[in-house]
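We name chains A, B, ... by the order of the sequence lines, and we start the count at 1 in each one.
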Number of protein chains: 2
Amino acid sequence: MSLPHAILTALLEKPSSGLELTRRFDRSIGYFWSATHQQIYRELGKLEAEGHIRALPSEQPARGQKKSYEVLPAGRAELARWTAASQDPKPHRDPLLLRMRASAVVGTDGIEADLRRHLALHREQLAEYEEIEKRDFPPGRDTPQDRLRHLVLRAGIDLETFWTQWLTHALEEFGELPDTGPA
Amino acid sequence: MSLPHAILTALLEKPSSGLELTRRFDRSIGYFWSATHQQIYRELGKLEAEGHIRALPSEQPARGQKKSYEVLPAGRAELARWTAASQDPKPHRDPLLLRMRASAVVGTDGIEADLRRHLALHREQLAEYEEIEKRDFPPGRDTPQDRLRHLVLRAGIDLETFWTQWLTHALEEFGELPDTGPA
DNA sequence: CCAAACATGTAACGGGTTACATGATTAC
DNA sequence: GTAATCATGTAACCCGTTACATGTTTGG
């Protein structure tokens with residue numbers, strides 16, 4: 001039950017249409033909660049039906065017409081409730097680690113190239129985050145809001161740093177590993 | 001499409017019944033791919049229908065009776081294919097980071113306690129991983145398989161280390177943060 | 001014998017993914 | 001005017017989650 005709350009947060013930061021939300025989910029918010037436009041439209045419908053958001057009065061007939069939403073007090077209250085509620089951490093699910101474990105059984109042929117590809121992708125993402133940090137959080141001015149958002153970005157940076165280091169280490173091991181074909 | 005491959009890996013490491021698999025998914029494999037017994041039974045049925053695994057010949061009538069499976073050559077081939085195939089990294093989805101971002105908008109009331117709880121949980125998990133490392137990967141003896149499995153465990157250790165550090169840092173910030181009520 | 005634990009399932013639901021459909025606006 | 005793009009939506013499928021059902025073995 002996180003998508004509706006991700007949308008409420010985004011709409012509180014700035015009222016938007018479905019497609020604008022989709023674009024924002026490809027950038028900042030999407031860095032730790034992604035969503036496709038289909039999910040977003042479906043969820044916007046639900047949130048409106050529940051009285052958590054409403055369409056800004058311009059009353060277009062619908063299809064093909066831009067429709068912007070804003071958060072209602074009930075929506076803000078629901079978001080505050082959810083944010084403060086205790087939630088158990090969900091177990092990770094990482095296909096790449098699974099493949100590493102599988103390769104210990106069926107052999108490492110072919111996986112090394114993909115490790116390199118992932119390493120390149122994580123390096124790109126890391127560079128992008130660091131660019132954002134430089135641009136949006138220069139030393140000095142920090143409101144409490146800034147500091148919270150910076151913390152979230154730091155999580156992204158540190159996670160990407162971890163992956164680049166781990167993948168580098170893994171590839172070093174592969175260099176020394178005698179080629180294990182299928183057992 | 002990872003669960004069937006997680007099961008194939010587990011069965012190759014050691015033929016097992018559904019419940020035994022469920023227990024192993026609560027331990028080692030579950031550290032990066034969790035699954036409930038319902039998922040596992042559903043998937044075992046599919047894998048058997050596809051000819052990737054078969055029940056070990058003891059031919060019990062079914063309900064309440066233990067039924068063990070082993071991997072067939074077709075299953076091993078499918079696992080090798082999947083392991084070597086290129087896969088895009090899936091975007092993260094982390095509710096806690098989402099809540100941090102939401103708390104920048106609706107206020108931080110209530111979230112601090114949950115951050116402490118998560119910190120304690122990640123510390124526990126980290127200690128457990130380090131225990132496993134000490135027990136299963138003593139310095140010295142390392143077959144290629146050992147080194148691959150150790151790499152996977154290191155990923156778990158480093159990820160938990162990241163989270164404990166990040167949460168500690170976040171809680172320090174909270175100590176200095178003037179209480180931001182709902183804006 | 002009865003309760004607890006073991007062991008295998010079924011059913012319903014919800015969210016995420018993919019493919020497709022359709023109307024409006026803009027650029028050439 | 002027509003092709004590309006913008007914008008909103010529908011439909012189907014798969015997987016993960018939760019609740020429940022049912023039979024078997026073991027311990028007291």
Mind running salt bridge (Lys or Arg N to Asp or Glu O under 4.0 Å) on Glu20(B) and Lys66(B) for me, showing each step along the way? CA-CA 10 Å; Glu20(B) 283 163 357; Lys66(B) 192 148 117 180; 3.3 Å; yes

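- Around CZ of Arg117(B), the count of heavy atoms belonging to other residues, nucleotides or ligands within 6.0 Å exceeds 12.
- Picking from dC6(C), dA7(D), dG16(D) the nucleotide with the shortest atom distance to the side chain of Arg23(B) gives dC6(C).
- Under the side chain to side chain contact (heavy atoms under 4.5 Å, CB included) criterion, Lys90(A) pairs with no residue at all, not counting sequence neighbours.
- The separation between Lys67(A) atom NZ and dT25(C) atom C1' is 18 Å, rounded to whole Å.
- Distance alone, capped at 3.5 Å, places no donor-acceptor pair between the His52(B) side chain and the Pro73(B) backbone.
- Look at CG on Asp26(A): it is 13 Å from P on dC6(D), rounded to the nearest Å.
- Taking atom OH on Tyr69(B) and atom P on dA7(C), their separation rounds to 14 Å, with Å as the unit.
- Counting only distance, with no hydrogens or angles, the side chain of Ser16(A) and the backbone of Lys14(A) share a donor-acceptor pair below 3.5 Å.
- For dT17(C), one of the phosphate oxygens OP1 or OP2 lies less than 4.0 angstrom from a side-chain nitrogen or oxygen of Arg93(B).
- The pair Arg116(B)-Glu112(B) counts as a salt bridge, with a side-chain nitrogen and a carboxylate oxygen less than 4.0 angstrom apart.
- Not one side-chain nitrogen or oxygen of Ser34(B) sits closer than 4.0 Å to the OP1 or OP2 atom of dG16(D).
- Atom CG of Leu19(A) and atom P of dT25(C) are 15 Å apart (whole Å).
- The NZ-P distance, from Lys66(B) to dC6(C), rounds to 11 Å in whole Å.
- Near DNA chain C, defined here as any heavy-atom distance below 4.0 Å, the residues from residues 37-47 of chain A are Gln38(A), Gln39(A), Arg42(A), Lys46(A), listed numerically.
- Look at CZ on Phe25(A): it is 14 Å from C1' on dG15(C), rounded to the nearest Å.
- Residue whose closest nucleotide on DNA chain C sits further toward the 5' end, between Met1(A) and Lys90(B): Met1(A).
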